[in-house]
Amino acid sequence: MKKYYAALCQLIQNSAKFNRDSCVYFVRKYARASENMLMPRLVRVNTKTKQQWEEGKHTDGQKWKSLEHKGPLFPPEYEHLPSSVPFLYDGEPVKLSMSTEEVATFYAKMLDHEYTSKETFQSNFFTDWREVMTEDERKLIKKLSKCDFSHIHSYFVKKAEEKKNMTKEEKQVLKEETDKLTEEYGYCLLDGHKEKIGNFRLEPPGLFRGRGEHPKMGKLKKRVQPEDVIINCSQDTKIPEPPSGHRWKRVQHDNTVTWLASWVENIHGHIKYIMLNPSSKLKGEKDWQKYETARKLKLRVDGIRSEYRRAWRAREMKQRQRGVALYFIDKLALRAGNEKDDDTADTVGCCSLRVEHITLHHHLDGQDYVVEFDFLGKDSIRYYNKVPVEKQVYKNLKLFMEFKGPEDDLFDRISTTYLNKKLNEAMPGLTAKVFRTFNASTTLQEQLSKLTVDDMTVEEKILAYNRANRAVAILCNHQRAAPKTFEKSMQTLQEKIRKKKEDLENAKKELKQAKKAHKECPTEKTRKLVEKKEKAVKRLAEQLKKLQLQETDREENKVIALGTSKLNYLDPRITVAWCKKHRVPVEKIYNKTQRDKFAWAIDMTDEHFQF
DNA sequence: GAACGTGACTCAGAAAGTTCCCC
DNA sequence: TGGGGAACTTTCTGAGTCACGTT
C-alpha cells in the first residue's frame, strides 16, 4: 500500500507539471461540500492547491483520518398481505405464517420473468422456501407445482399500477420522503468533507437471480440484520446508532480501508460493502491513478510486446503459454480469467479458456491462421470472434491443444497470479486489466482523431464521438440486450425521415416556384417569399440530416453498451481535451453523474492532452 | 513456493425512475 | 399545452480482478 501512495504522490507532482491547476478540482469540491455543511469554506486558490492537497495525503496506507456516517439504511420490515389476497395450495386457500408469506411474495413478484420457469430456479427456491416454513406448512406444502401465487402476483401488479397512477402531489410527497432519507443517510463526512455514499441502502431480501445459467438462481437472499453488519468509522466521531432494540455485529475503526459498513451475504458467503460514490475524492484519486498506470504502459508496451513475442518460441511450455495468453489479453482485450468456484455460472477469461472455447482454422474466409473464439465471459456475455493470428501463435495453440479433451484448460501451465507477477516485474503496478484500460483509451484517442473533421457540425462530431466510443465497446465486448422497443422506435424514426424527405421535396418545389415568380415580376414581397422559402429548405435539410444521423447512431448501437467503457475504461481527459479542441460542450458527452465522476479531469485538462 | 482462502476493490448489464420531446 | 412514450439517468447488486496471508 505504501508504494501506491508514494506512486500517487509522484503522479500528482507529474500531473502538476502538466497543469498547475490540477488540484483545483478537489478544492472546488470541498468548497461545495462546505457550503452544504456550513463549514469554513476553502478558497479556490491555485498556487497553494497542490500543497493543500498533498497535506491531506497519507503515505502509510491510510485512506482517511476521520470518517463519520449514519450507518446503512435498512429496508422496511415485511407487512402481511391483506386477507383478501390468498395463496392457494392445491386449489385451497392457505393462511401462511409471516416469513413463509414474505418469501412467497418474492416468488410471486417474479412470475413475469422467464427464469421462474427454469428448473434450477424453482428447485432452489422451493428448497429454501421450505426451510423458512413452519412445521405444519412444511407438512402441507410439498410440491411447487401445486402452489398458486397468481393472486399475490396480481396484487403486486395492481399496487405498481396504483403507484404509477398517483397524483402529482402524492408523488411529490413520496419524493420528499426519499430525499429526506438520502440527505440523512446518503452522505458521510470524510476528513471533514461531505461525500456522497454509493449504496447506503442495505440490499433488501429477495430471491437470488445471478447472471446466465447460475446454479444458485432462485435461492433465498436473507434479510440483513443489524447484528450482521460491521460498521467502520473513526473512533473520535459519533458512532452510528443501530436500529432500536438491536446492536451492530462490530464497530471498527480501520482507516486502511474505504468502506463504511459490511456484511456477509448468505448465497456465497461473500462480503458486501457500503462504499463511497464515484464522485468522491477517494474514488476520483483512485480512478486518476488507474489511468496514469495505463499511460505508463504506453511508454513500455513496445518492450513488453517484444518480450511476449519472444516467449512464443521459448523452450519452456509455460513461457509459450504466457506469451500467447498475454498476446490475447493485449490484442483482444480479454480479461485475465481467474479460477472460479464451481457454484457459479460457467464463464471464463483468458487464463481459464478451455480447449472447447477455440477452433483453429488454417484458412477461413480468405485469411490464414484464424482462431475462432466462442465462450461466455463475465456476466455470461458471449464472446464470439474470428481472429487471424500470427503463424507462431497458431502453431503454439495447436501445441497447447495436443492430447487434450474439450474440457481441458488451454493454458494449463499458467495462472492469473503468475501472469500478473511477470507483468509486475516488467512494469511496477502492471496487471492484466491495465491492458484493457490502455487499449481502450488508446483506441478512443486514435478513433477520435481519425473520425473528427473540423468543419463538422456539433451533431456530426457527437456521432463521431459515439463511433469512437463504440469501437472501444466492441473491443471490450460490452453488449446489451436490444431494447424491447427497438424495432418500433426504429420504425417511427424511419417514418419521420420519410415524412421529412417529403416535406423537403415540397419545400424545394415551393422555393422553385417562388424564385420563378420573383424572376417574372420582382417585388419586395416576392423577394421576401424567396428568402422565406430558402430558409425553410435549409431548416428542413438540417432536420433531415439530424434524423438520419440519429438513425445511423441508433442502428449501430442496437446491441452495444457504450456506458461501461465510457465510465470505466476511457481516460476522461481524452474526452475533455477533444471537447475543448473541437468546441463541443462537454455536457453533450458527459451527463451530470459522469461530470461529477470526472470532475478531476474536466478541471485539469486542456485541449493538448495526449493519453 | 504453490495452492488456497479471504478481503477489498472495480467493472457489469438490467431494471427502475425521471426527463424530454413530439403530436 | 398536456399526455404518452421514448430516451436518458440512476440505482441495484452480481461478477469480476488482484493483493495478501496462511497452510
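Numbered from 1 within each chain, the chains take letters A, B, ... in sequence-line order. All values reported here derive from a predicted model rather than from experimental measurement.
For A/Glu183, the salt bridge (Lys or Arg N to Asp or Glu O under 4.0 Å) test picks out A/Lys194, with sequence neighbours left out. Evaluation of the salt bridge (Lys or Arg N to Asp or Glu O under 4.0 Å) rule for A/Arg354 yields A/Asp346, A/Glu356 as partners, not counting sequence neighbours. Applying the ring pair (Phe, Tyr, Trp, His ring centres under 6.0 Å) criterion to A/Tyr187, with sequence neighbours excluded, gives no partner residue. For A/Tyr155, the ring pair (Phe, Tyr, Trp, His ring centres under 6.0 Å) test picks out no residue, with sequence neighbours left out. A/Lys219 pairs by the salt bridge (Lys or Arg N to Asp or Glu O under 4.0 Å) definition with A/Asp128, not counting sequence neighbours. A/His113 is linked by a ring pair (Phe, Tyr, Trp, His ring centres under 6.0 Å) to A/Tyr115, counting only residues two or more places apart in sequence or in another chain. Listed by chain and residue number, A/Glu425 satisfy the salt bridge (Lys or Arg N to Asp or Glu O under 4.0 Å) test with A/Lys422 (two or more places apart in sequence, or in another chain).
Comparing the end axes of the helix from B/dA2-C/dT23 to B/dC23-C/dG2, each fitted to five base pairs by superposing C1' atoms of four pairs onto the next four, gives an inter-axis angle of 10° (nearest 10 degrees).
Screening residues 540-570 of chain A for ring pair (Phe, Tyr, Trp, His ring centres under 6.0 Å) gives A/His478-A/Tyr569 as the qualifying pairs, with residues at least two apart or on separate chains. Here salt bridge (Lys or Arg N to Asp or Glu O under 4.0 Å) pairs that include residues 431-444 of chain A, with residues two or more places apart or in two chains, number zero.
Shortest non-hydrogen contact noted between A/Ile329 and A/Ala432 is CG2-O, 3.8 Å.
Regarding A/Asn338, its CG atom lies at a distance of 7 Å from the P atom of C/dC18, rounded to whole Å.
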Next on the checklist: Does the protein touch nucleotides 13-23 of chain B at the base, only the backbone, or not at all? Give it as B, S and - per nucleotide, heavy atoms under 4.0 Å.
Outcome noted: BSS-S----SS
Can you name the atoms? Protein N/O to nucleotides 4-9 of chain C N/O, anything below 3.5 Å, with the distance.
from  : atom 1 : to       : atom 2 : distance (Å)
C/dA6 : OP1    : A/Lys488 : NZ     : 2.7
C/dA7 : OP1    : A/Arg554 : NE     : 3.1
C/dA7 : OP1    : A/Arg554 : NH1    : 2.7
C/dA7 : OP1    : A/Arg554 : NH2    : 2.1
C/dT9 : OP2    : A/Asn591 : ND2    : 3.4

